[in-house]
Amino acid sequence: MKIRKLFIIFMLSFPFQVVMAGTPNLSFFNEQDGKALKKLFADPTLIPTLQRIKSEVRMGILDFSPERVEVVKQLNAAGIPVVAWLLLPKEKGYWFHGRNAKNAFARYAEIKNWADKSGLKFSGIGIDLELDFNDIDLAKNHKIELLGKIIKRMYDNEGFAKSKKDYESLVNLIRKDGYKVESYYVPLIKEETKNGRSSIQQVSGFLDLTTDKDIPMLYTSFMGNAYGMIERMAVEEKLRFVALGSTGGGIDPTLKSMTWDDLAYDLRHVAGTAQEIHIFSLEGAVEKGFLPKLIDFDYSVPIKKAPEQLKEVDSLKSAVSMISKLMSYPTLLIIGTFLIVSGFIYLIYRILKFLLSFSKS
């Protein structure tokens, strides 16, 4: 009799279990200074809404202000997990990358000391592996100087190997301090690693680092190919953790941001495989009124497939693979580029000479 009752209870609860299994946990990135952060959380409905969504916050630690301490304590008291997302001052590169491991160690020590003294509880530490912010400035204003640095980096195999080991040591240190470690990375970097190469990482500073939770940044708002990128980079890979966006905000507010329909599409696309979905950003989602819509969000609505986008993503992956392979042989690449440019210049010279002689005849 008891067995029959247990069976009936199980069968009645089975649909609920299926729904729960397909409902990923949500998290929001936040990237604001202390004053803006306090203003955001001045809304008395924000924390209750985050509680109803059962979401977490990945907070970019831009400063150690009293306002930030106050907000983190509010989140701690509300039972909302907060991950400390490590960031550097802009002049030191802002993000972590393959050439600033020393600064990364120092920044982690600063944040841990601040958290301990302030009585803050972080559920984990996030390492954001992107470009050197100074390289972005060089790309805009001093392209020749950046080119010189790129050539130099192509030959610095030892420096890159040491930097990766240093970051692995940082991950181990953070773990010893009792924190879970997670990384935020550009998904195409994993493609390079799969091919057994690292030349793009060596030149750019992007780093493929293994942590407790590796989260690819699939921001289709400005990457495009929403279906193709997520299908190839997340769904087919059966990734458990995915970052979506951008809803707005961040260091460059001029970048294109998502509509609600865009976000809903991406959420439903990854929900079948992802256990956690991390949305960039909290401030953007609040400004656009997205949070209340997530309380009873229906993940089961079918999405419109766009298989033609898969070819575009495959082409992009092939291009990355080709560039990575070429950059693995820097001397041949430089000589080949010189010969092509020289040949092009010579061709232009011959054409101009012919036209000049023709006009004189």
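At a cut-off of 3.5 Å, with distance as the only test, no side-chain donor of Asp156 or Gln202 sits close to an acceptor on the other residue. Side-chain contact of Lys164 with Ser198: a donor-acceptor pair under 3.5 Å is absent, judged by distance alone. Using modelled atom types, one finds no donor on one side chain facing an acceptor on the other under 3.5 Å when comparing Asn25 with Gln275.
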Q.
Applying side chain to side chain contact (heavy atoms under 4.5 Å, CB included) to Thr247 and Ser257, what does each step give before you reach the verdict?
A. CA-CA 5 Å; Thr247 64; Ser257 62; 5.7 Å; no
Q | Check against side chain to side chain contact (heavy atoms under 4.5 Å, CB included), Tyr108 and Phe96 | A | CA-CA 11 Å; Tyr108 168 66; Phe96 289 0; over 6 Å; no
Q.
Go through it in stages, so that I can follow the logic: the residues are Val72 and Asn76, the test is side chain to side chain contact (heavy atoms under 4.5 Å, CB included), and I'd like the CA-CA distance, side-chain angles, deciding distance and then a yes or no.
A. CA-CA 6 Å; Val72 174; Asn76 288 164; 3.8 Å; yes
(Q) Walk me through whether Met229 and His269 qualify under side chain to side chain contact (heavy atoms under 4.5 Å, CB included). (A) CA-CA 11 Å; Met229 290 297 294; His269 196 171; over 6 Å; no
Side chains of residues 46-53: which donor-acceptor pairs under 3.5 Å do they make with residues two or more places apart or in other chains?
{"from": "Thr49", "atom 1": "OG1", "to": "Thr45", "atom 2": "O", "distance (Å)": "2.7"}
{"from": "Gln51", "atom 1": "NE2", "to": "Ala78", "atom 2": "O", "distance (Å)": "2.9"}

Kindly list each side-chain donor-acceptor pair under 3.5 angstrom involving residues 122-130, sequence neighbours excluded, with atom names and distances?
{"from": "Ser123", "atom 1": "OG", "to": "Val82", "atom 2": "O", "distance (Å)": "3.3"}
{"from": "Asp128", "atom 1": "OD2", "to": "Trp85", "atom 2": "NE1", "distance (Å)": "3.3"}
{"from": "Asp128", "atom 1": "OD2", "to": "Trp95", "atom 2": "NE1", "distance (Å)": "3.4"}

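Every residue two or more places apart in sequence or in another chain that forms a side chain to side chain donor-acceptor pair (under 3.5 Å) with Asp314 is listed here: Arg232. With sequence neighbours excluded, the residues satisfying side chain to side chain contact (heavy atoms under 4.5 Å, CB included) with Asp262 are Met258, Thr259. In this view, Asn141 and Asp137 satisfy the side chain to side chain contact (heavy atoms under 4.5 Å, CB included) rule, not counting sequence neighbours. Partners of Ser321 by side chain to side chain contact (heavy atoms under 4.5 Å, CB included), not counting sequence neighbours, listed by chain and number: Asn195, Arg197. Taking the side chain to side chain contact (heavy atoms under 4.5 Å, CB included) definition, one finds that Thr193 meets it with Gln201, Asp208, sequence neighbours left out. Ser183 meets the side chain to side chain donor-acceptor pair (under 3.5 Å) test with Asp214; sequence neighbours excluded.
Applying the ring-ring contact (aromatic ring centres under 6.0 Å, His included) test to pairs two or more places apart or on separate chains, those with a residue in residues 271-298 are Tyr219-Phe280, Trp260-Phe290, Trp260-Phe297, Phe297-Tyr299. Residue pairs meeting the ring-ring contact (aromatic ring centres under 6.0 Å, His included) criterion with at least one member in residues 189-213, sequence neighbours excluded, do not occur. Within the structure, ring-ring contact (aromatic ring centres under 6.0 Å, His included) contacts touching residues 41-82 (residues at least two apart or in different chains) are Phe64-Trp114.
We find the CG-CD1 distance between Leu294 and Ile277 to be 9.5 Å, quoted to the nearest 0.5 Å. Put simply, CD on Glu192 and OG on Ser328 are 7.0 Å apart, with the number rounded to the nearest 0.5 Å. We find the OG1-OH distance between Thr211 and Tyr184 to be 9.0 Å, quoted to the nearest 0.5 Å. Taking CD1 from Ile151 and CE from Met327, the interatomic distance works out to 10.0 Å, rounded to the nearest 0.5 Å.
Within a 6.0 Å radius of CD1 in Ile295, more than 12 heavy atoms belonging to other residues, nucleotides or ligands are found. For NZ of Lys149, the number of neighbouring non-hydrogen atoms (other residues, nucleotides, ligands) closer than 6.0 Å is 12 at most. For Asp296, the CG atom counts as loosely surrounded, since its 6.0 Å shell holds 12 or fewer non-hydrogen atoms of other residues, nucleotides or ligands. Enclosure of atom CD in Glu308 by more than 12 non-hydrogen atoms of other residues, nucleotides or ligands within 6.0 angstrom is indicated. Tyr329 OH: 12 or fewer foreign heavy atoms inside a 6.0 Å radius. Enclosure of atom CD in Glu110 by more than 12 non-hydrogen atoms of other residues, nucleotides or ligands within 6.0 angstrom is indicated. Atom NZ of Lys180 has 12 or fewer neighbouring heavy atoms from other residues, nucleotides or ligands inside a 6.0 Å radius.
Remark: Asp135 engages Arg99 in a salt bridge, criterion side-chain N to carboxylate O under 4.0 Å. Using a cut-off of 4.0 Å between Lys/Arg side-chain N and Asp/Glu carboxylate O, Glu70 and Lys73 are scored as not salt-bridged. Taking 4.0 Å as the cut-off between side-chain N and carboxylate O, Lys165 and Glu168 do not count as a salt-bridged pair. At a threshold of 4.0 Å, the pair Lys190-Glu237 does not count as salt-bridged, since none of the basic side-chain nitrogens sits closer than that to a carboxylate oxygen.
Side chain of Asp212 to main chain of Glu182: no donor-acceptor pair is present (N/O by atom type, distance under 3.5 Å, no hydrogens or angles). Ser315 contributes a side-chain N or O that, together with a main-chain N or O of Lys311, makes up a donor-acceptor pair within less than 3.5 Å. Listed for the Gln309 side chain is a donor-acceptor partner under 3.5 Å among the backbone atoms of Gly228. The main-chain N or O of Phe29 is never found under 3.5 Å from a side-chain atom of Ser281 such that the two would form a donor-acceptor pair. Remark: the backbone N or O of Leu87 is paired with a side-chain donor or acceptor of Arg107 at under 3.5 angstrom.
With respect to Leu120, the side chain to side chain contact (heavy atoms under 4.5 Å, CB included) criterion is satisfied by exactly one of Leu75, Val69, Ile111: Val69.
Between Lys288 and Leu263 the shortest side-chain heavy-atom distance does not fall below 4.5 Å. Residues Glu276 and Lys213 have side chains in contact (heavy-atom distance under 4.5 Å, counting atoms from C-beta outward). Here the side chains of Leu244 and Thr220 are not in contact, with every heavy-atom distance at 4.5 Å or above.
Through chains of ILVMFWY side-chain contacts below 4.5 Å, Tyr227 is grouped with Tyr265, Ile303, Leu310.
Closest approach of Gly93 to Asp132, counting heavy atoms only: CA-OD1, 3.3 Å.
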